[in-house]
Amino acid sequence: MADNAVKSKTTKKVRGEATARKLVEAATIEFNTAGFHGTDTNRIARRAGFAPQTFYRWYVDKMEVFLAVYRAWEDDERHTIEKLIEQDSSPSTVAKSLIAHHRKFKNFRRSLRLLSLEDEQARKARAESRRRQMTRLRASLPAAENLSDADLAAWLLQFERLCDAAAENEFTDMKIRQADAMAQVALHAAVLWPGQAK
């Protein structure tokens with residue numbers, strides 16, 4: 001009898017995790033398609049294959065699931081960076097890979113930038129994410145180890161903004177060739193990421 005109770009709890013936990021994961025996956029698509037302000041929790045639930053009320057069993061509101069999507073985005077980017085480090089990639093490869101990652105989540109990142117200005121919870125989550133990124137950069141890249149927090153934060157903010165600008169074709173809007181934009185992002189990456197001269 002006790003074995004059945006344990007199995008039942010385990011099954012519910014697995015189903016619950018699957019439901020939460022499906023909601024985050026659906027929210028990722030919705031936020032990346034329509035942005036934060038262009039979607040609602042009902043659309044997220046329906047896209048995940050659930051009735052709208054199911055959403056509120058897992059998330060308090062749209063902001064909570066947005067921040068869960070942001071954490072998933074951060075984890076995805078971390079895996080991309082870990083792979084690039086493992087491969088001793090060149091600054092050019094780093095630039096191309098991270099710009100592609102930002103481009104893939106372009107509308108989500110637009111919402112993130114806007115919400116960081118409008119919402120204290122989003123702003124705090126973004127600051128915490130950047131602190132985690134700084135910790136990982138220090139642990140992974142020798143050139144980052146001895147930088148002050150201020151210097152590393154400045155590098156991270158500049159690199160992030162350059163990747164977003166390239167992903168959004170802002171360089172092209174200013175009549176700057178995409179290849180030249182990519183070269184500038186790679187130059188900035190090279191400060192911490194010497195990699196192979198490929």
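Excluded from the calculations below are hydrogen atoms, water molecules and symmetry mates; all remaining heavy atoms, backbone and side chain alike, are included. Given the structure is predicted, the values throughout are model-derived calculations rather than measurements.
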- Pairing residues for Glu170 by the salt bridge (charged side-chain N to carboxylate O under 4.0 Å, His left out) criterion, not counting sequence neighbours: Arg161

- Between the main-chain N or O of Arg131 and the side-chain N or O of Thr135, is there a donor-acceptor pair closer than 3.5 Å? yes

- Query: Should we count CZ of Arg123 as having more than 12 external heavy atoms under 6.0 Å?
  - Reply: no

- Query: Is any NZ, NE, NH1 or NH2 atom of the basic residue among Asp164 and Arg109 found under 4.0 Å from an Asp or Glu carboxylate oxygen of the other?
  - Reply: yes

- Examine Met174 and Leu162 and state if one hydrophobic cluster contains both, with Ile, Leu, Val, Met, Phe, Trp and Tyr joined whenever side-chain heavy atoms are less than 4.5 Å apart. yes

- Item | Other residues, nucleotides, ligands: >12 heavy atoms within 6.0 Å of Lys62 NZ | yes

- Message: Could you check whether any side-chain N or O of Asp61 sits under 3.5 Å from a backbone N or O of Glu64, counting only pairs where one atom can act as donor and the other as acceptor?
- Response: yes

- If only atom types and distance count, is the side chain of Lys83 paired as donor or acceptor with the main-chain N or O of Arg78 below 3.5 Å? no

- Task: Supply the atom-to-atom distance Leu23 CG to Trp58 CH2, rounded to the nearest 0.5 angstrom.
- Result: 8.5 Å

- Look at the side-chain heavy atoms of Ile, Leu, Val, Met, Phe, Trp and Tyr, link any pair under 4.5 Å apart, and say whether Leu187 and Val191 land in one connected group. no

- Task: Check for a donor-acceptor pair, side chain of Ser116 on one end and backbone N or O of Leu112 on the other, with a separation under 3.5 Å.
- Result: yes

Identify each donor-acceptor pair in which a side-chain atom of residues 94-101 lies under 3.5 Å from a protein atom, sequence neighbours left out, and give them as a table.
unit_1: Ser97; atom_1: OG; unit_2: Thr93; atom_2: O; d: 3.0
unit_1: His101; atom_1: ND1; unit_2: Trp73; atom_2: NE1; d: 3.4
unit_1: His101; atom_1: NE2; unit_2: Asp76; atom_2: OD2; d: 2.8

- Query: Under 3.5 Å, side chain of Trp155 to main-chain N/O of His188, donor-acceptor pair present?
  - Reply: yes

- Item | From CE (Met134) to CG (Leu157), nearest 0.5 Å | 8.5 Å

- Task: Mind checking the CG-CG spacing from Leu147 to Leu141? Nearest 0.5 Å is all I need.
- Result: 10.0 Å

- Message: Quick check: closest heavy atoms across Leu156 and Leu137, and the distance to 0.1 Å?
- Response: CD1-CD1, 4.3 Å

- Do Phe66 and Ile44 have side chains that get closer than 4.5 Å, going by heavy atoms? no

- Go through Glu120 and Lys124 one step at a time and tell me if the salt bridge (charged side-chain N to carboxylate O under 4.0 Å, His left out) criterion holds. CA-CA 6 Å; Glu120 190 58 37; Lys124 182 181 176 193; over 6 Å; no

- Considering all heavy atoms of both residues, which atom of Arg47 and which atom of Ala26 are nearest to each other, and what is their separation? CD-O, 3.5 Å

- Query: Can you tell me how far OG of Ser140 sits from CG of Leu192, rounded to the nearest 0.5 angstrom?
  - Reply: 11.0 Å

- Message: Does this structure show an ion pair linking Glu30 with Arg43, if we count only N-O contacts that are shorter than 4.0 Å?
- Response: yes

- Message: Please determine whether side chain to side chain contact (heavy atoms under 4.5 Å, CB included) holds for the pair Glu74 and Arg126, giving the CA-CA distance in whole Å, both sets of side-chain angles, and the decisive distance to 0.1 Å.
- Response: CA-CA 10 Å; Glu74 179 188 342; Arg126 198 164 190 204; over 6 Å; no

- Message: Can you confirm if the aromatic rings of Phe50 and Phe55 lie within a centre distance of less than 6.0 Å?
- Response: no

- Message: Distance check, rounded to the nearest 0.5 Å: Met63 atom CE versus Tyr70 atom OH?
- Response: 12.5 Å

- Item | Test: Arg130 and Glu160 ion pair at under 4.0 Å | yes

- Query: Shortest non-hydrogen contact from Gly35 to Ser111?
  - Reply: CA-OG, 3.3 Å

- Kindly state whether the ring of Phe108 and the ring of Phe36 have centres lying under 6.0 angstrom apart. no

- Query: Are the side chains of Arg46 and Pro52 in touch, meaning some heavy atoms are under 4.5 Å apart?
  - Reply: yes

- Hey, quick one: are Val24 and Ile29 part of the same hydrophobic cluster, counting side-chain heavy atoms closer than 4.5 Å, chains of contacts allowed? no

- From CA spacing to verdict: side chain to side chain contact (heavy atoms under 4.5 Å, CB included), Gln184, Ile176: CA-CA 11 Å; Gln184 289 302 311; Ile176 297 169; over 6 Å; no

- If you measure from CD1 on Ile81 to CD on Glu86, what distance do you get to the nearest 0.5 Å? 13.5 Å

- Message: According to side-chain contact (heavy atoms from CB on, under 4.5 Å), who are the partners of Lys106, at least two apart in sequence or on a separate chain?
- Response: Arg110, Glu168

- Donor-acceptor pair, Asn107 side chain versus Ala34 backbone, under 3.5 Å? no

- Message: Would Gln133 and Glu77 count as a side chain to side chain donor-acceptor pair (under 3.5 Å) here? Give the steps.
- Response: CA-CA 10 Å; Gln133 289 173 328; Glu77 185 176 64; 3.2 Å; yes

- Residues Arg138 and Glu145: closest non-hydrogen pair is O-CG, 3.4 Å

- Would you check, one step at a time, whether the test side chain to side chain contact (heavy atoms under 4.5 Å, CB included) holds for Trp193 with Leu84? CA-CA 10 Å; Trp193 204 305; Leu84 292 165; 3.6 Å; yes

- Task: Could you go through the side chain to side chain contact (heavy atoms under 4.5 Å, CB included) check for Val185 and Phe159 one step at a time?
- Result: CA-CA 7 Å; Val185 177; Phe159 189 68; 3.7 Å; yes

